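Computed from a prediction, not measured in an experiment: that's the story for all the values here. Any value given below was found using the heavy atoms of this structure, including those in side chains, with hydrogens, waters and symmetry copies removed. Atoms within each ligand, like the ligands themselves, are counted from 1 in listed order.
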Amino acid sequence: MRFGHLLASCVAASAIVSWQASAQQASVIDMDKAAERAVATVRQMTADEKTVLTHGIMPLPLSPNTPPMPADSIPGAGYISGIARLNIPALKETDASLGVAYVRGVRKDGATALPSGVAMASSWSADLMYRGGAMIGSEARAKGFNVLLAGGVNLIRDPRNGRTFEYLSEDALLSGLLVGAAISGVQSNNIISTIKHFALNGQETGRKFVDVKIGEAAARESDLLAFQIGIEKGQPGSVMCAYNRVRGEQACSSDWLLNKVLKRDWGYKGFVMSDWGAVPNINAALNGLDQQSGEQLDTAVFFGDKLGEKATTDANWAARLDEMNTRILTAIYAMKLDARPASPDGKIDFAANAAIAEEVAKSGIVLLRNRDGALPLAKTAKSIAVIGGYADGGVLSGGGSSGVHGENGAAVVRPVLADGVLASFFSQQYHSSSPLKAIRAMAPRATVTFRDGRYISEAVEKARQAEVAIIFATQWQTEGLDVPDLSLPDGQDALIAAVAEANPNTIVVLETGGPVLMPWLDKTAAVIEAWYPGARGGEAIASILFGESNPGGRLPVTFPARLDQLPRPKLDGASEFEPNYTGEPPTPDAKLAADFDIEGANLGYRWNALKGYKALFPFGFGLSYTSFASSGLKIAGDKVSFTVTNTGKRKGDDVAQLYLVNRGSEATQRLVGFQRVSLEPGESRKITLTIDPRILADWKDGGWSVPAGDYGFALGRNAEDLGTVVTLKMSARSWKD
Ligand code: BGC
């Protein structure tokens with residue numbers, strides 16, 4: 001990776017120091033040395049061997065006439081044969097960023113589910129991301145997998161995206177630093193992680209044919225920057241390209257994205273694997289794709305014999321094939337897959353791993369509203385009415401390839417489709433971690449009733465009879481399908497409004513994939529956003545409700561006040577195309593364009609700042625049971641310092657946030673640094689951050705450029721609640737990646 005001198009000195013907030021330290025202890029990744037070894041191995045390969053690593057199957061019985069699977073494959077997402085003669089291990093791949101996927105029970109084993117991506121990102125903690133990544137990576141390894149298809153980092157451009165829950169945030173710096181930490185954690189197990197889906201995979205509607213229109217500068221300053229930072233920090237062995245088209249080309253066959261941006265400009269040395277069923281034709285190889293994954297899902301096996309034939313007759317193709325092998329082997333050697341092979345009989349300490357999932361969940365829960373200190377609840381409460389959300393059974397999980405489940409599968413399975421081949425693939429599933437049980441354990445003397453919320457009159461009656469009503473409201477998101485709007489489905493908005501009317505002491509617990517609207521907000525006493533909180537979500541929610549944990553989560557995504565605050569109030573393609581979960585074009589010539597140039601690099605809070613919109617809850621927002629103050633902001637060059645104090649009476653975590661708020665006369669807003677801190681009552685901590693110059697810069701003429709002028713910075717409680725502006729004069733500078 002080539003850095004200018006400016007970037008060489010650019011390390012992120014000191015918040016990541018501890019995960020960097022643990023990452024270094026775990027393993028040193030030397031891609032250059034691995035690449036040298038890879039070149040030597042490729043020299044020993046026969047022509048036949050050269051197309052072994054470049055393609056593979058999805059080792060699952062996809063249809064009744066599926067041929068037998070290779071003896072050493074493990075049911076999961078992917079299998080690439082190894083080459084025993086050269087001691088090259090097979091690649092055994094499993095999804096995904098939230099843990100080892102359950103693949104609908106085909107493997108009949110369970111794993112530990114981390115909270116959703118956006119829940120983890122709400123912790124704003126690279127250290128926790130690292131530990132979560134290390135935990136799920138250890139489970140993948142113990143099950144015999146040596147590739148974890150983790151590292152989902154597409155920026156949240158639209159909260160209706162069905163995969164919002166899998167991703168991290170709307171901000172490139174936050175997303176990039178967090179995903180880098182998660183990848184380091186995964187790879188500390190001597191397995192490969194991906195970073196995905198490269199790039200601009202911003203909606204599920206028409207996902208295999210939607211063409212994303214975006215200018216180069218806007219792309220480099222937003223989605224691509226998140227990948228760039230994530231790759232620098234995490235050094236993933238592989239990049240997974242995306243389903244969608246970008247600027248007219250399929251992302252998995254985009255010379256611009258793969259050859260120019262990733263490999264040339266960023267100097268990336270690992271390999272690009274395709275998403276499953278995302279390879280348009282053999283030319284994708286020349287355009288930078290190194291490996292065809294899940295080949296049964298494409299129209300042909302392009303990277304097997306066909307590629308071999310090209311290489312025997314054309315020197316260009318032969319050189320490219322060698323490079324593809326070199327890159328795949330570089331990742332294998334860098335992560336030491338051959339020296340420390342994974343085997344399926346590893347031990348998993350499920351209790352210890354669940355404790356990590358619970359810690360992450362608690363750290364990511366966001367307290368959105370707390371009228372007159374309604375929370376935390378007293379453990380001496382006499383009567384509590386718990387309503388809705390299958391809170392008696394468990395906590396919601398997102399759908400699609402990232403679905404993880406414990407032993408014996410989900411606690412609750414709620415069908416979504418009644419008919420067709422996809423019916424068994426898509427259903428709403430709940431992890432076995434009952435909030436109701438956890439609430440009962442916290443308040444053992446209380447009478448705790450439960451109603452499922454199907455009948456409003458019944459829920460209202462129970463709420464009226466109790467001191468406190470706690471409503472669990474869910475919004476299910478899944479890969480393959482966007483949500484049509486930001487309401488809570490199944491009449492839950494009406495249920496909450498009626499219950500809150502009946503009992504002023506109504507607490508709403510949201511288990512949503514991403515932002516939702518809250519028409520009932522003013523009537524409630526308190527609201528917490530618990531997202532999809534993972535294997536121990538019920539316990540984490542109860543811990544926050546009763547004050548055993550002090551909420552320190554902050555929103556990594558803007559909650560809009562209205563749909564028409566979004567750059568595209570109407571989601572592209574949603575009304576033209578029938579939802580089909582696969583994103584396949586209904587006809588070969590179907591066309592769909594998504595104009596990301598509308599907001600360009602100004603996603604979420606940056607879009608609101610430009611437009612003067614006030615969010616329902618802004619980016620960075622989150623309340624606490626204590627209070628914090630920041631002071632003494634000083635900026636010298638790229639070094640920033642200030643002090644955070646816990647001014648309240650309880651121990652708690654704050655997330656210090658530093659924003660650029662103007663550049664000369666230009667109104668702009670950019671998160672330039674952050675750090676989560678844990679403080680005792682009355683305790684102060686000095687924070688130091690280093691600014692990544694790319695955050696202050698524009699992408700211009702093929703490089704980064706910081707225009708001369710006065711730059712205004714402010715500490716913020718969130719993106720809308722900003723402190724005193726400190727102005728710094730900057731001289732012009734520009735550099736190349
Ligand atoms: C998803 C990827 C996943 C792959 C393998 C695709 O549908 O987009 O994120 O890794 O399937 O299951």
Side-chain angles (χ1 to χ4, degrees), residues 55-62 73-80 91-107 111 116-117 136-137 140 143 145-154 161-168 179 182-183 186 191-210 227 230 236-245 250-252 271-279 289 291-298 397-405 421-422 425-426 477-482 513 580-584:
H55 69 108
I57 56 166
M58 191 167 200
L60 283 179
L62 293 176
S73 68
I74 309 171
Y79 173 84
I80 312 280
L91 296 182
K92 298 174 189 174
E93 304 171 335
T94 180
D95 284 301
S97 310
L98 315 179
V100 180
Y102 192 60
V103 284
R104 299 182 300 284
V106 175
R107 242 185 9 259
S116 58
I136 61 173
K143 291 172 188 292
F145 293 106
N146 54 14
V147 179
L148 187 59
L149 307 172
V153 73
N154 295 89
N161 178 2
R163 296 186 94 167
T164 299
F165 77 93
E166 267 185 81
Y167 299 139
L168 299 173
V179 83
I183 291 165
V186 170
I191 65 172
I192 292 171
S193 176
T194 54
I195 187 168
K196 68 187 190 184
H197 309 85
F198 193 62
L200 294 146
N201 195 171
Q203 65 175 58
E204 291 296 281
T205 303
R207 68 174 176 172
K208 288 194 174 163
F209 61 103
V210 61
F227 276 94
S238 180
V239 170
M240 187 193 294
C241 52
Y243 280 128
N244 50 290
R245 290 168 191 256
Q250 292 294 153
C252 285
F271 70 102
V272 179
M273 68 165 72
S274 72
D275 202 340
W276 273 232
V279 187
L289 180 65
Q291 189 179 68
Q292 179 178 12
S293 319
E295 62 198 15
Q296 308 100 306
L297 305 182
D298 285 315
S397 156
S401 58
S402 69
V404 178
H405 283 293
V421 279
L422 294 178
F425 287 73
F426 292 97
Q477 288 187 341
T478 180
E479 176 181 343
L481 195 70
D482 296 321
N580 69 2
Y581 287 87
T582 65
E584 296 291 352

Which residue is it: Asn201, Leu200, Leu168? I am looking for the one with a side chain to side chain contact (heavy atoms under 4.5 Å, CB included) to Asn154.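 Among Asn201, Leu200, Leu168, the one meeting side chain to side chain contact (heavy atoms under 4.5 Å, CB included) with Asn154 is Asn201.
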
Side chain to side chain, Lys196 and Met273, heavy atoms closer than 4.5 Å: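 Result no, sub-4.5 Å side-chain heavy-atom pair not found.
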
Quick one, Tyr167 and His197 - any side-chain contact, counting heavy atoms below 4.5 Å?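 SC-SC contact between Tyr167 and His197 confirmed.
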
Contacts of Phe198 that satisfy ring pair (Phe, Tyr, Trp, His ring centres under 6.0 Å) - sequence neighbours left out: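 Ring pair (Phe, Tyr, Trp, His ring centres under 6.0 Å) check on Phe198 returns Phe227, Trp266.
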
Check if [X] has a non-hydrogen atom at a distance under 4.0 Å from any atom of ligand 1.
X: Glu166; answer: no
X: Glu93; answer: no
X: Arg207; answer: yes

Going by the order shown, which atoms of ligand 1 are within less than 4.0 Å of some heavy atom of [X]?
X: Asp275; value: 1 (C), 2 (C), 4 (C), 6 (C), 7 (O), 8 (O), 11 (O)
X: His197; value: 2 (C), 8 (O), 9 (O)
X: Arg163; value: 1 (C), 2 (C), 8 (O), 9 (O)
X: Ala77; value: 5 (C), 12 (O)
X: Leu149; value: 10 (O)

Proximity winner for atom 7 (O) of ligand 1, if only heavy atoms of Lys208, Met240, Glu479 are counted: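 Selected option, by shortest heavy-atom distance: Glu479.
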
Closest protein heavy atom to atom 12 (O) of ligand 1, given as residue, atom name and distance to 0.1 Å: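 It is Asp95 OD2, 2.5 Å.
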
Between Lys196 and ligand 1, is there a nitrogen or oxygen pair with a distance under 3.5 Å?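 Between Lys196 and ligand 1 (N or O atoms, distance only) the closest approach is under 3.5 Å.
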
